[in-house]
Asks: 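What follows is a structure written as structure tokens; I'll ask about it next.
Side chains are part of it too, since the values below use all heavy atoms of this structure and drop only hydrogens, waters and symmetry mates. Order of the sequence lines sets the chain letters (A, B, ...), proteins ahead of strands, with each chain counted from 1.
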Amino acid sequence: MPVENQIANKLLAHYDAQARSLPWRSPPGAPPADPYRVWLSEIMLQQTTVAAAAPYFERFTKRWPTVEALAAAEDADLMAAWAGLGYYARARNLLATARAVAGKGFPDTEAGLRELPGIGGYTAAAIAAIAFGHRAVVVDANVERVVARLFAIADPLPGAKPAIRAAADSITPDGRAGDFAQAMMDLGATICTVRAPACLACPIHEHCAGYVSGDPTAFPVKAAKKARPVRHGTIFWLERGKDVLLVRRPDKGLLGGMRALPTGSWGDSPPGLAGAPCDVGWHAVEPVVTHVFTHFELRLALVAGTSEKHCKMQPGWEWWPKDRIGQAGLPTVFAKAASIFGRDG
DNA sequence: CAGTCGTGGCG
DNA sequence: TCGCCAAGACT
């Protein structure tokens, strides 16, 4: 038997015995899971850990059991339900795709899936394999790591992606497409981990060039990362009786489309009261909030004030009950700030 | 292609 | 403590 088939068979046998039980997953060898649930889980899992996505998946599928139900959701409700999970463009694309396929089902080919908003190369392959049983080369960060080690691919990412994909293709079997994809990802998540791989527990370590090399963590090689700049801003907490002013952020850009506390623009130095929603007497609230995004660190001064009659409301602004701020669906950075304002009084 | 886009957990 | 990273997509 060719070594590629041996590798696939060992991975599948290991998966049969060790597969993680996950809310969106059908057991090894069982019929595929509902495409809606597979799709929803794959979107939630983009750059997101299983532990973080799982409670959101449970809430979403309970509230919206079908893609038709999701398609009928209000935009604001969907965005609020996504709050805290991050990468909010996923939520907007989720709704767009739900409305595109409602009533006619998901396409069952990679090419068809790839045309839907929020579904790229990885997700299209994953859905085709897991929900429809089609052979597809499913390459996520787990598979990249497993394959780079298995074949000791020394070229750095992202340039090595084509070679890694070709290597993944070479060990992808024709049958059990969904199980194989998930077996590879389980292996990467539980055994072939980033820092301390458990090679002796790995069903294919005897085929692994990275293991033979003595230092499997040397793979995959990655390009050096850029330094993360610091930006500064101000968050305004404007009260009016029992309410606080919330705004809706523009659809595009950071935290796009999300309900938020008002801020001015962010820059290289603290902007003070520039960009305040209203000209009232502001007072500082400690401490400064620091929040780390993917490509910059944000330091936000907090100021509070009380609305006066000449404060003019603008489109997208709303007064929200302070004691229900937890239900506003604020992204984490604003939830963090709101909790400080709340305990400050 | 390289930058943009969240968040939380882990060693 | 803090840098690294996760079932990537889009421009």
Asks: For Gly86(A) and Pro158(A), find the nucleotide of DNA chain B closest to each by heavy atoms; which residue's nucleotide sits nearer the 5' end?
Replies: Pro158(A)
Asks: Please state the P separation for the pair dG6(B) and dT11(C) - nearest whole angstrom.
Replies: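 dG6(B) and dT11(C) have their P atoms separated by 14 Å.
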Asks: Take Lys226(A) and His291(A), find for each the nucleotide of DNA chain B with the closest heavy atom, and name the residue whose nucleotide sits nearer the 5' end.
Replies: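 Result of the comparison: Lys226(A).
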Asks: Between Arg176(A) and Asp179(A), does at least one N-O distance fall below 4.0 Å, as a salt bridge requires?
Replies: yes
Asks: What is the ring orientation for Phe296(A) with Trp266(A), classed by angle as parallel under 30°, tilted 30 to 60°, or perpendicular over 60°?
Replies: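 If you compare the ring of Phe296(A) with that of Trp266(A), the planes turn out tilted.
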Asks: Indicate, with a heavy-atom threshold strictly under 4.0 Å, whether Val143(A) touches base, sugar-phosphate, or nothing.
Replies: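 Touches nothing.
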Asks: Could you run through nucleotides 4-11 of chain C and give me one letter per nucleotide, 5' to 3': B if any protein heavy atom sits under 4.0 Å from the base, S if only the sugar-phosphate is that close, - if neither?
Replies: BSBBBSS-
Asks: Give the C-alpha distance, both sets of side-chain angles, the deciding distance and a yes or no for salt bridge (charged side-chain N to carboxylate O under 4.0 Å, His left out) between Asp243(A) and Arg324(A).
Replies: CA-CA 9 Å; Asp243(A) 295 337; Arg324(A) 289 184 48 239; over 6 Å; no
Asks: Provide the start and end nucleotides, 5' to 3', of the part of DNA chain B that has atoms under 4.0 Å from heavy atoms of chain A.
Replies: dG3(B) to dG11(B)
Asks: Taking disulfide (SG to SG under 2.5 Å) as the test, write out the residues that go with Cys278(A), two or more places apart.
Replies: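 Once residues adjacent in sequence are excluded, the partners of Cys278(A) under the disulfide (SG to SG under 2.5 Å) criterion are Cys311(A).
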Asks: In whole Å, measure the gap between the P atoms of dG3(B) and dA7(C) for me.
Replies: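 Here dG3(B) and dA7(C) have their P atoms 24 Å from each other.
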Asks: If you measure from the Lys or Arg side-chain nitrogens to the Asp or Glu carboxylate oxygens, is any gap between Arg37(A) and Glu42(A) under 4.0 Å?
Replies: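 Salt bridge absent between Arg37(A) and Glu42(A).
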Asks: Testing Phe57(A), Phe60(A), Tyr36(A) for ring-ring contact (aromatic ring centres under 6.0 Å, His included) with Trp24(A), which one passes?
Replies: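 Of Phe57(A), Phe60(A), Tyr36(A), ring-ring contact (aromatic ring centres under 6.0 Å, His included) with Trp24(A) is met by Phe57(A) alone.
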Asks: Does the pair His291(A) and Phe293(A) meet the rule for a ring-ring contact (aromatic ring centres under 6.0 Å, His included), with working shown?
Replies: CA-CA 6 Å; His291(A) 193 78; Phe293(A) 293 101; 4.8 Å; yes
Asks: Have a look at Pro331(A) and say if it touches a base, only the backbone sugar-phosphate, or nothing, with a 4.0 Å heavy-atom cut-off.
Replies: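 Sugar-phosphate contact only - Pro331(A) comes under 4.0 Å of backbone atoms but never of a base.
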Asks: Between Arg145(A) and Asn142(A), do the side chains contain an N or O donor and an N or O acceptor separated by less than 3.5 Å?
Replies: yes
